[in-house]
Asks: 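Sharing a structure with you now.
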Amino acid sequence: MSDVINGFVADPSPRLEAAFQAVAQQEMCELPFFRAHIPVRACGFQLFEQQWIGGMLTPWMLSLLVLPGPGEVWQSRTVGDKLALRLPCGDVRFTVGEMAGCGQYLASSLMSPLENHLTAQQMLELTHSSVRMALSLPVVNDNAPVNPGRRALFRMAQRG
């Protein structure tokens with residue numbers, strides 16, 4: 001394990017797809033929760049605060065991933081460590097992962113295992129929507145108290 005992880009200059013999607021496809025074919029395909037009709041796809045990767053963030057869809061899970069961006073250097077962490085990042089949608093808990101060909105990344109599981117009834121197209125749309133939602137500014141109720149106590153919340157519920 002290297003002491004540092006250098007950032008990806010370009011979109012890491014092709015490398016992620018190749019690495020996760022290899023895992024799908026070599027390790028996951030015989031497991032009961034493997035959904036063969038779901039593709040391995042890195043979706044919506046974009047730079048956010050100089051880090052690559054996007055969705056990773058595989059036949060066994062849907063996760064939000066963060067990888068270092070161009071010129072970024074991350075200190076190596078222990079795989080399995082947890083940390084929270086503040087995204088526009090709020091605080092999101094991530095787990096450190098590592099994949100041959102991609103190095104270390106942060107992953108937040110959104111669905112694992114995948115729902116049986118969802119089609120490949122629905123899962124791809126959900127993956128893209130998840131990335132958009134994670135990077136969307138939160139909507140606030142202008143009428144809500146700034147620091148509502150129990151009584152303020154109760155009054156709001158009565159008015160609604």
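Heavy atoms only: backbone and side chains are in, while hydrogens, waters and symmetry mates are out. What you see is a predicted model, and the numbers here were worked out from it, not measured in a lab.
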Asks: Indicate yes or no: at least one non-hydrogen side-chain atom of S112 is less than 4.5 angstrom from one of F33.
Replies: no
Asks: To the nearest 0.5 Å, what is the distance between OG on S109 and CG on L64?
Replies: 10.5 Å
Asks: Check for a donor-acceptor pair, side chain of E98 on one end and backbone N or O of V79 on the other, with a separation under 3.5 Å.
Replies: no
Asks: Is there side-chain contact between I38 and L114, with at least one heavy-atom pair below 4.5 Å?
Replies: yes
Asks: Are L126 and W60 connected in the hydrophobic side-chain network, where two residues link if heavy atoms are under 4.5 Å apart?
Replies: no
Asks: Distance from S129 atom OG to Q122 atom CD, nearest 0.5 Å?
Replies: 11.5 Å
Asks: Could you grab the distance from atom CG of L85 to atom CD of E49, nearest 0.5 Å is fine?
Replies: 9.5 Å
Asks: Does L67 belong to the same Ile/Leu/Val/Met/Phe/Trp/Tyr cluster as V73, with side-chain heavy atoms less than 4.5 Å apart forming each link?
Replies: no
Asks: Should F34 and M61 be counted in the same cluster of Ile, Leu, Val, Met, Phe, Trp and Tyr side chains packed under 4.5 Å apart?
Replies: yes
Asks: Before you tell me yes or no, could you show the steps for W52 and D11 under side chain to side chain contact (heavy atoms under 4.5 Å, CB included), namely the whole-Å CA-CA distance, both residues' side-chain angles and the distance that decides it to 0.1 Å?
Replies: CA-CA 7 Å; W52 289 105; D11 181 351; 4.1 Å; yes
Asks: Are T78 and V96 packed together at the side-chain level, in the sense that at least one heavy-atom pair is separated by less than 4.5 angstrom?
Replies: no
Asks: Hey, does T127 have a side-chain heavy atom less than 4.5 Å from the side chain of L110?
Replies: no
Asks: Using side-chain heavy atoms (C-beta onward) and a distance below 4.5 Å, is R15 in contact with F8?
Replies: yes
Asks: Looking only at heavy atoms, what is the nearest atom pair of I5 and P68, with distance?
Replies: CG2-CG, 3.8 Å
Asks: Restricting to non-hydrogen atoms, name the atom on F45 and the atom on G55 that form the minimum distance, rounded to 0.1 Å.
Replies: CE1-O, 3.5 Å
Asks: For side chain to side chain contact (heavy atoms under 4.5 Å, CB included), just list the numbers for R77 and L83, CA-CA rounded to whole Å, side-chain angles, deciding distance to a tenth of an Å, and then say yes or no.
Replies: CA-CA 11 Å; R77 295 181 179 270; L83 64 143; 4.2 Å; yes
Asks: Verify the cluster assignment for M111 and L124: are they in a single hydrophobic cluster under the rule of side-chain heavy atoms below 4.5 Å apart?
Replies: yes
Asks: Between Q75 and Q104, which heavy-atom pair has the shortest distance, and what is it?
Replies: O-OE1, 4.5 Å
Asks: To the nearest 0.5 angstrom, please state how far the CZ atom of F94 sits from the CG atom of L106.
Replies: 6.5 Å
Asks: Do M28 and P59 come close enough that some side-chain heavy atom pair is under 4.5 Å?
Replies: no
Asks: Can you measure from CG (L87) to CZ (F48) and round to the nearest 0.5 angstrom?
Replies: 6.0 Å
Asks: Measuring from M56:CE to L16:CG, what's the distance to the nearest 0.5 Å?
Replies: 6.0 Å
Asks: Grab the two heavy atoms, one from C43 and one from V131, that are nearest each other, plus how far apart they are.
Replies: O-CG2, 3.7 Å
Asks: For residues T58 and R41, determine if any side-chain heavy atom of one lies less than 4.5 Å from a side-chain heavy atom of the other.
Replies: no
Asks: Going by heavy atoms in the side chains, are V66 and Y105 under 4.5 Å from each other?
Replies: no
Asks: Can you name the closest pair of heavy atoms from M99 and A19 and give their distance?
Replies: CG-CB, 3.3 Å
Asks: Which atom pair, heavy atoms only, marks the closest approach of S130 to L62?
Replies: OG-CD2, 4.3 Å
